[in-house]
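Comments concern the structure below.
We count ligands from 1, going down the list as the structure has it; atoms in each ligand are counted the same way.
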Amino acid sequence: MELWQQMIRDSVHTVDQLVEKFGLDHKVAQELDGFFQARINPYYLSLIRYPGDPIWLQCVPDKKELEDFDAEEDPLMEDAMSPVPNITHRYPDRALFLVTSQCGIYCRFCTRKRKVGDHEKISMKGLESAFKYLEEHTEIRDVILSGGDPLMLTDAMLEKILQRLRQIPHIEIIRLGSKMPCVLPQRITPKLVNMLKKYHPIYCNTHFNHPWEITPESSKACQMMADAGIPMGNQMVIMKGVNDDPAVVKELVQKLLKIRVRPYYMYMADETKGANHFRTSVETGLKILEALRGHTSGLAVPHFVIDAPGGGGKIPLVPNYVLHHDEEKIILRNYQNKIYTYKNYADKNNPEGFGTKVKKNGKNGKIKKEEFKPRRIVKVPVLEEV
Ligand SMILES: *Cc1c(COP(=O)(O)O)cnc(C)c1O
Ligand code: SF4
């Protein structure tokens with residue numbers, strides 16, 4: 001057994017352990033266990049500094065989870081968008097492929113609580129209908145291995161899946177969605193990365209939420225992935241008491257760049273049964289973004305998105321930098337709230353814009369537009385990369 005597998009076995013997971021370690025009431029612990037099991041591996045457990053700290057909140061069961069039983073179990077309608085078991089196909093050219101229901105820890109804020117943690121093993125045979133679907137759907141060029149956490153699979157099982165995917169000519173890129181570099185960095189071994197790099201192009205999105213998660217161990221894991229040629233991205237979730245503070249997020253994103261992980265998405269916490277006590281206002285997210293853009297490296301600024309309830313997908317939000325916009329001009333503010341006017345040139349999308357020539361039609365005095373000839377190639381102003 002590899003070290004990381006032993007560490008999974010050594011996780012805090014029983015009702016008695018929860019009572020003993022975290023002082024939970026026995027009955028509450030039992031109820032929580034029935035709702036969404038606990039798994040706190042010894043590495044992640046060691047990051048806790050005091051009760052109720054940002055690490056604790058993410059992994060220790062809390063009786064608040066039992067309070068919002070009315071919320072949706074599947075707010076993103078992932079199940080409705082699943083044409084065959086283990087596939088979620090929401091976007092035209094890419095699909096999620098759920099290869100396991102196990103994770104290195106069980107996050108209390110997870111939106112897939114309904115799915116993760118059940119002990120049903122997924123076998124290659126069980127994935128056959130998913131592979132068939134991916135083979136038949138030639139429009140899919142990007143497959144995201146997800147779960148659960150795909151790095152909970154053994155190297156051998158993961159390699160079988162990658163080999164099979166690489167036999168499908170229209171699949172151009174493979175992404176891993178894995179929290180392991182953050183929550184169980186011991187999973188990232190030389191053997192794993194040497195195997196992964198045979199199946200390039202591979203990308204990995206991991207999931208750090210707080211600067212305390214950046215340790216010598218997790219730094220090493222991310223750098224090993226990067227050294228194997230796997231571009232690393234980070235998807236974080238804004239959570240009350242964890243990272244709903246611009247200073248915390250700024251420290252996190254700057255530290256991520258140092259370990260060669262590029263901030264990719266910053267999500268609003270979804271409305272999910274058992275996780276609503278983590279939710280924050282949209283304004284909190286906008287404030288965080290506002291505190292990053294212009295104030296630190298653009299590379300450190302993630303896209304702020306809301307995963308639309310009902311399966312609409314990720315929708316980007318940006319603070320409002322546009323104070324006024326018409327055919328002739330756009331008035332903008334910068335990150336320091338200084339105001340700038342930018343001439344809006346004419347082109348085929350805006351024939352009324354600056355630089356349009358008009359001439360009077362002599363007979364009835366009506367204005368007739370000359371055939372449009374742009375004076376120069378005009379760039380439409382890009383306000384914010386979204
Ligand atoms: C997030 C997500 C993707 C990937 O989206 P990108 O914007 O390409 O990173 C694909 N499918 C589903 C169902 C998703 O939720
Ligand atoms: S690792 Fe991901 S899928 Fe697993 S419990 Fe955490 S958030 Fe949910």
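- The residues Arg164 and Glu128 are annotated as salt-bridged, a charged nitrogen and a carboxylate oxygen being separated by less than 4.0 angstrom.
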One pair to check against side chain to side chain contact (heavy atoms under 4.5 Å, CB included): Thr206 and Met232. What are the steps and the verdict?
CA-CA 7 Å; Thr206 187; Met232 298 291 287; 4.1 Å; yes
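- Other residues, nucleotides and ligands contribute only 12 or fewer heavy atoms inside 6.0 Å of the OH atom of Tyr203.
- The distance criterion of under 3.5 Å between nitrogen or oxygen atoms is not met by Tyr91 with respect to ligand 1.
- Closest protein heavy atom to atom 4 (Fe) of ligand 2: Cys103 SG, 2.3 Å.
- Within the structure, the closest approach of Met81 to ligand 1 does not fall below 4.0 Å when heavy atoms are considered.
- By the neighbour-count criterion of 12 heavy atoms within 6.0 Å, atom NZ of Lys198 is densely surrounded, having more than that number from other residues, nucleotides or ligands.
- In terms of protein heavy atoms, atom 9 (O) of ligand 1 is closest to Tyr264 OH, 2.6 Å.
- Put simply, part of Val116 is less than 4.0 Å from ligand 2, judged by heavy atoms.
- If you check which protein heavy atom lies closest to atom 1 (S) of ligand 2, you get Lys179 CD, 3.4 Å.
- Atom NZ of Lys287 sits in a sparse spot, with 12 or fewer heavy atoms from other residues, nucleotides or ligands closer than 6.0 Å.
- Given atom 8 (O) of ligand 1, the protein heavy atom at minimum distance is Arg94 NE, 2.6 Å.
- In summary, no N, O or S atom of Cys110 is located under 2.8 Å from atom 6 (Fe) of ligand 2.
- Polar contact check, Thr88 against ligand 1: no nitrogen or oxygen pair lies under 3.5 Å apart.
- With a heavy-atom cut-off of 4.0 Å, Arg175 touches ligand 1 through its side chain alone.
- At a 4.0 Å heavy-atom cut-off, ligand 2 touches Cys107 through backbone and side chain alike.
- Between Lys343 and Glu328 there is no salt bridge, since no side-chain nitrogen of the basic residue lies less than 4.0 Å from a carboxylate oxygen of the acidic one.
- By the 30° and 60° cut-offs, the orientation of the rings of Trp212 relative to His210 is perpendicular.
- Residue contact check: Tyr265 has heavy atoms under 4.0 Å from atoms 6 (P), 7 (O), 9 (O) of ligand 1.
- Heavy atoms of Ile144 found under 4.0 angstrom from ligand 1 belong exclusively to the side chain.
- The aromatic ring centres of Phe97 and Phe131 sit less than 6.0 Å apart.
- For Glu78, no nitrogen or oxygen atom sits less than 3.5 Å from a nitrogen or oxygen atom of ligand 1, counting backbone and side chain alike.
- The existence of a salt bridge linking Asp79 and Arg114 is confirmed by a sub-4.0 Å separation between a basic side-chain nitrogen and an acidic carboxylate oxygen.
- Among all protein heavy atoms, the one lying closest to atom 2 (C) of ligand 1 is Lys314 NZ, 2.4 Å.
- No salt bridge links Glu172 with Arg94; every basic N to acidic carboxylate O contact stays at or beyond 4.0 Å.
- The existence of a salt bridge linking Lys329 and Glu352 is excluded, since no basic side-chain nitrogen approaches an acidic carboxylate oxygen closer than 4.0 Å.
- The shortest N or O to N or O distance between Asp142 and ligand 1 is not below 3.5 Å.
- Scanning the protein heavy atoms around atom 12 (C) of ligand 1, the nearest turns out to be Leu96 CG, 3.7 Å.
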